[in-house]
Amino acid sequence: MPDINSYVGHPNLANTHDKLLNLDEGIQLNLDSICELVLPIFDAQFCRLFCCYDEKMFLVSQKGEMNQAIQQQVISKKELVALAHSSKSLNKLAHITHPYDESLLRHISPIVLPSGLVFGYLEFYRGEGANLTPKEQAIITVLQRDIGNHLLQHKHLIAAAKSRELHLLISKHNRDWIFVKDTDFRIVYANEAFLNAYPQAASCISQQDHSSPVYQSVTTAASLEQDKIALHQGQSVTTEDITAADGSIMVYETVKRRFEDGGGVPYILCIRRDITERESLIRQLKEANNDLDDFTKIASHDLKAPLDAIRRLLGWIEEDCQHILPEESLENLRLVVSRANRMQSLLEDLLTFAKIGREDRTVTRIELAKLISDLNPLLDLPEGFEINVAPAELVVPSVPFKTVMLNLVGNAVKHNDKDMGKVVVECKVSEFCYEISISDNGPGIEEKYFERIFQLFQTLKSRDELEASGIGLAVVKKYVNQFGGRIEIASDGVNGTTFTVFWPKPK
Ligand code: ADP
């Protein structure tokens with residue numbers, strides 16, 4: 001509900017020693033005239049208007065002559081509110097009349113604004129016995145409404161001034177160039193950033209001297225072309241490379257949009273943004289992606305081929321020398337073969353990781369339980385291992401989501417140390433995402449490792465203890481992040497682990 005401030009602004013209370021509230025000139029004049037009008041209409045000796053501000057009553061206007069004793073007669077906010085609500089409906093406003101002394105009758109009319117806010121009251125005194133006629137009562141109702149309308153208008157003015165100030169402030173401190181052109185493509189407004197860039201043209205623009213050659217130098221044929229597109233088609237967007245004074249290349253994006261002012265007159269709003277940094281980052285990112293592509297190719301062809309050859313040769317040596325070499329050397333040879341195998345699987349995992357983000361993003365409806373049971377053959381489940389999946393339907397990109405589930409459920413099985421291992425998969429559907437939790441009764445993960453396990457090639461046990469590449473969770477995190485989700489982990493380091501994936505629902 002709007003408060004009094006939105007109708008009267010923020011009056012300076014420091015100057016209210018005699019409880020007189022000074023409002024803006026326009027509204028003050030209007031309220032003074034109403035008080036002045038009351039005197040002849042009602043043959044009143046004086047009239048006052050009070051505003052209930054900050055829980056106290058303040059005098060807003062007074063006309064006519066009044067004695068000291070009457071000046072002290074001010075009703076409290078409580079009395080005012082009771083009076084305002086005493087009428088059956090707020091549209092038919094309350095009004096009380098009571099004798100003040102033998103010679104005067106006091107009339108009080110609460111001012112209730114259309115929002116229901118009790119603003120204050122209008123009061124006048126006139127000769128005893130002069131009760132209000134029905135016609136006078138009707139006039140009072142009109143005056144009450146009139147005061148309300150003036151206040152409402154003032155409220156709109158205050159709001160408009162505030163919003164204008166805010167827009168000017170935003171425009172002034174914006175580093176983008178913001179300027180407005182009329183339908184003759186002349187600049188009628190330019191913000192500080194624009195004027196700073198064209199110091200010579202600044203005065204022509206502020207004085208609207210469009211014929212000056214300095215002003216003409218600001219507008220180019222290409223820019224005029226874009227103005228025409230914006231005016232006739234509604235919008236134009238251009239990106240241009242400009243060589244700066246120091247020889248550096250700056251990249252600017254200019255968006256021009258047609259708009260109409262309150263009176264329906266069309267203009268073009270132009271916003272020019274320096275996107276040099278963004279463009280250079282995009283270029284760097286593209287280069288980095290190309291490097292990654294090159295690396296992927298090198299890794300797949302140039303590293304895999306010699307590694308294959310090494311593994312083959314080692315196999316032959318092992319076969320040929322089985323009966324010649326001592327057992328110790330044969331054992332070492334087997335170790336070399338196993339390291340070569342590990343290297344090959346690391347290489348393959350690394351390629352999988354590098355390729356993330358290039359797959360099809362189309363979503364399909366999947367049933368969680370069916371997806372997990374399809375993964376079973378890949379999980380190498382020990383005898384008696386239990387996987388329970390709560391029923392849920394999700395709409396997700398199939399391959400990335402499957403890979404995430406395979407890694408998380410796979411870990412829950414692979415790292416489980418119990419005789420009767422168990423995994424529970426559940427899914428909660430919230431407004432924007434699916435929250436899929438994978439809980440196991442395995443050894444748990446200590447909190448100090450929560451970050452490390454998501455890094456590439458990080459395992460908590462040595463590879464000789466458990467053959468693992470340490471890439472699974474890095475793949476999971478990369479996929480989840482790529483699709484705008486996140487992953488959380490919970491474990492006390494002893495009694496199992498829960499991974500929760502927050503996967504965004506399709507829009
Ligand atoms: P990998 O499983 O191939 O080692 P991950 O990146 O998937 O690689 O996991 C990293 C490490 O986090 C694992 O080596 C393991 O120590 C630990 N870990 C992951 N999931 C679990 C789990 N469910 N229970 C216990 N430890 C886990």
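Each ligand, and each atom within it, is numbered from 1 in the order the structure gives. Only a predicted model underlies this, so the values are computations on that prediction, with no experimental measurement involved.
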Which atoms from ligand 1 have a heavy atom of [X] less than 4.0 Å away?
X    : value
K414 : 1 (P), 2 (O), 3 (O)
G472 : 5 (P), 6 (O), 7 (O), 8 (O)
I445 : 18 (N), 21 (C), 25 (C), 26 (N), 27 (C)
G470 : 1 (P), 3 (O), 4 (O), 6 (O), 8 (O)
Q458 : 10 (C), 11 (C)
I471 : 6 (O), 8 (O)

Original post:
Is any side-chain N of the basic residue among E488 and R486 closer than 4.0 Å to the acidic one's carboxylate O?
Top reply: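 Salt bridge between E488 and R486, a charged N being under 4.0 Å from a carboxylate O: yes.
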Original post:
Should E331 and R334 count as an ion pair when the cut-off is N to O under 4.0 Å?
Top reply: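 Yes, E331 and R334 are salt-bridged.
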Original post:
Strictly under 6.0 Å, is that where the ring centroids of W177 and Y198 end up?
Top reply: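 Yes, close enough.
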**OP:** Closest by any non-hydrogen atom to atom 20 (N) of ligand 1: pick that one out of V409, N411, L460.
**Re:**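 The option holding the nearest heavy atom is N411.
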**OP:** Tell me which one of I453, V475, T497 gets a heavy atom nearest to atom 12 (O) of ligand 1.
**Re:**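 Looking at heavy atoms only, the winner is I453.
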N/O of [X] under 3.5 Å from N/O of ligand 1, yes or no?
X    : answer
T459 : no
L473 : yes
H415 : yes

Side chains of [X] and [Y]: is there a donor and an acceptor less than 3.5 Å apart?
X    : Y    : value
Q322 : D320 : no
Y252 : D241 : no
Q344 : R311 : yes

**OP:** Could you tell me whether R272 sits above the aromatic face of F179, with NZ or CZ closer than 6.0 angstrom to the six-membered ring centre and within 45 degrees of the axis?
**Re:**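 Ring-cation test returns no.
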**OP:** Look at the side chain of S491 and the backbone N and O of I445, then say whether any donor-acceptor pair between them is shorter than 3.5 Å.
**Re:**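 Yes; at least one donor-acceptor contact below 3.5 Å.
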Subject >> Min heavy-atom dist A412 to ligand 1 below 4.0 Å >> reply: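 Contact present.
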